[in-house]
Amino acid sequence: MASSTRVAACHVAPHFLSARKTVDKAISLVHQAARNSANLVVFPESYLSAFPIWSALRPPTENHDFFHRMVQESLYADGEEVRMLQESARETKTVISIGFSEKSSESTACLYNSNLIINPAGDVVVHHRKLMPTFFEKLTWSPGDGYGLRVADTPYGRIGGLICGENTNPLARYSLMAQCEQIHISSWPPIWPTRVPTPPEDRPSSLSAPPNYDNVLANRLRAAAHCFEAKCFGVMCSGFLNQEAIDTVVSGSTSSSPDIIRGALENSPRGVTMFLDPTGTPLPSFTVDEETQVMQATEFLQHEEGILYADMDLQRCIEGKQYHDVVGGYQRLDVFQLHVNRSRKSPVVFTESSDIQAE
């Protein structure tokens, strides 16, 4: 196993609700990152092929077409598009972590918010379904299970990940810490609106508009807490909201004001892509100019698309364990015990008898 790993976090937008075009873009970005010596290439939550932001801003009664398109543009975990990603991992000898909206083979419209980790041999080594959709995500995705609470043992480190709000779940995080996690991926949406701004003319004069959820601060707090507790590196990878997505979500709204929806999309805090070290401190990172190959020190990406890189010396995961090894010497294993069910859940179990006798 290499002691140093170069990670590429793709702060990028999908081709909104187009799975094939977005897969093609993802493969191009993997090859670009590999040319810049990346070993691990990370994509945001539900990158394939959209994050259902419409459910936060439009009433469910006018989102049936969006749900229909989401089903059409979601992927099977063993489908053609995933095989294309597996081939790109083999070709570039990289590890790929990518979020996708997953179709179920057991239903015409059951979807999961999922993430795959693919190793350099092209094998899917972690297939995780988000344990619980958060807030308005419940209108699109079903609850997952514990099957994917696994850490991938790769040539570039032991890599685990959780999706968005799962990084608030201390038991899910602990289950990865207890598998000797060295690199933790937290994947996030491009924005997270919890309130639609009230137009000034509609506000009571004595009240100011309530603030929106500060997802930038919240995401960094959660990711940094995990790094500090696990003594691992952190990859915060957020999606990017482009004009195509904004225009698509705004169009066709009848029971809500398009201007209010557009304002919420354009003014909600944008997600941040950045890296953290095993103390939770921001890790030096950089971008690469594709024409000149010049590296530019960059602390984070937020308001523009791009690939952010960082080099991680995995030996730095050791020292902090002297102080707080929460799955070892700083844990009371005789007092606390966590049981994790990692079985894959199915809606039905069929049994067939070969001993049926003819009447």
Side-chain angles (χ1 to χ4, degrees), residues 2-14 22 25-45 47 51 92 94-99 156-157 159 161 164 167 182-192 214-228 232-243 245 266-314 316-317:
S3 63
S4 181
T5 296
R6 176 164 291 183
V7 182
C10 298
H11 186 75
V12 290
T22 306
K25 181 175 179 177
I27 290 172
S28 175
L29 290 166
V30 168
H31 282 268
Q32 177 181 330
R35 290 193 298 270
N36 293 322
S37 302
N39 309 118
L40 166 61
V41 187
V42 179
F43 290 90
E45 176 181 14
Y47 183 61
F51 182 79
T92 58
T94 58
V95 176
I96 299 173
S97 173
I98 191 162
Y156 310 119
I159 303 168
C164 191
N167 291 280
Q182 294 172 299
I183 300 174
H184 180 77
I185 297 167
S186 55
S187 57
W188 310 91
I191 63 172
W192 183 256
D214 189 342
N215 67 308
V216 174
L217 174 63
N219 295 356
R220 182 170 168 178
L221 284 172
R222 288 177 280 186
H226 185 81
C227 291
F228 184 83
C232 71
F233 287 92
V235 184
M236 293 176 59
C237 188
S238 298
F240 180 79
L241 187 70
N242 63 7
Q243 197 61 47
E266 293 178 347
N267 297 319
S268 292
R270 297 298 184 100
V272 169
T273 292
M274 65 184 300
F275 302 98
L276 302 167
D277 73 11
T279 70
T281 301
L283 183 70
S285 54
F286 59 91
T287 55
V288 178
D289 187 297
E290 284 304 295
E291 293 184 3
T292 65
Q293 289 299 293
V294 172
M295 297 181 182
Q296 176 67 46
T298 308
E299 183 179 356
F300 58 84
L301 291 177
Q302 184 177 24
H303 296 293
E304 59 183 17
E305 285 194 89
I307 302 178
L308 192 67
Y309 298 86
D311 293 321
M312 299 177 177
D313 179 2
L314 301 184
R316 291 184 62 192
C317 297

Tell me whether the count of non-hydrogen atoms from other residues, nucleotides or ligands lying under 6.0 Å of CD in Glu304 goes above 12. no
May I ask you to decide if Thr279's main-chain N or O and Asp277's side chain share a donor-acceptor pair within less than 3.5 Å? yes
Using modelled atom types only, decide if a donor and an acceptor are shared between the side chain of Thr298 and the backbone of Gln296 within a distance under 3.5 Å. yes
To the nearest 0.5 Å, what is the distance between NE2 on His11 and CG on Leu301? 6.0 Å
Measure the OG1-CG distance between Thr5 and Leu40 for me, rounded to the nearest 0.5 Å. 7.5 Å
Between the CD atom in Glu45 and the CZ atom in Phe51, the distance rounded to the nearest 0.5 Å is 5.0 Å
Could you tell me which non-hydrogen atom of Arg270 sits nearest to which non-hydrogen atom of Gln302, and how far apart they are? O-NE2, 2.8 Å
Provide the closest heavy-atom pair for Val41 versus Cys10 in the form atom of the first, atom of the second, distance. CG1-SG, 3.8 Å
Within this structure, what is the CG-CE distance for the pair Asn167 and Met236, rounded to the nearest 0.5 Å? 9.0 Å
Show the nearest heavy-atom pair for residues Phe300 and Leu308, with the distance to one decimal. CA-CD2, 4.0 Å
Of the non-hydrogen atoms in Pro44 and Trp188, which two are nearest, and what is the gap between them? CB-O, 3.8 Å
Distance (rounded to the nearest 0.5 Å) between Thr92 OG1 and Ile27 CD1: 10.0 Å
Between Phe43 and Leu29, is a side-chain contact (heavy atoms from CB on, under 4.5 Å) present by the stated rule, with each step listed? CA-CA 10 Å; Phe43 290 90; Leu29 290 166; 3.8 Å; yes
Under a 3.5 Å distance rule, please check whether Tyr309 uses its side chain to pair with a backbone N or O of Val7 as donor and acceptor. no
With rounding to the nearest 0.5 angstrom, report the OG to CE distance, Ser4 to Met312. 9.5 Å
Minimum heavy-atom distance between His226 and Cys232, given as atom pair plus value: CD2-SG, 3.8 Å
Taking all atoms of both residues into account, what is the closest heavy-atom pair of Arg6 and Met295, and its distance? NH1-CE, 3.9 Å
Is Arg222 reaching over with its side chain to a backbone N or O of Ala218, donor-acceptor style, under 3.5 angstrom? yes
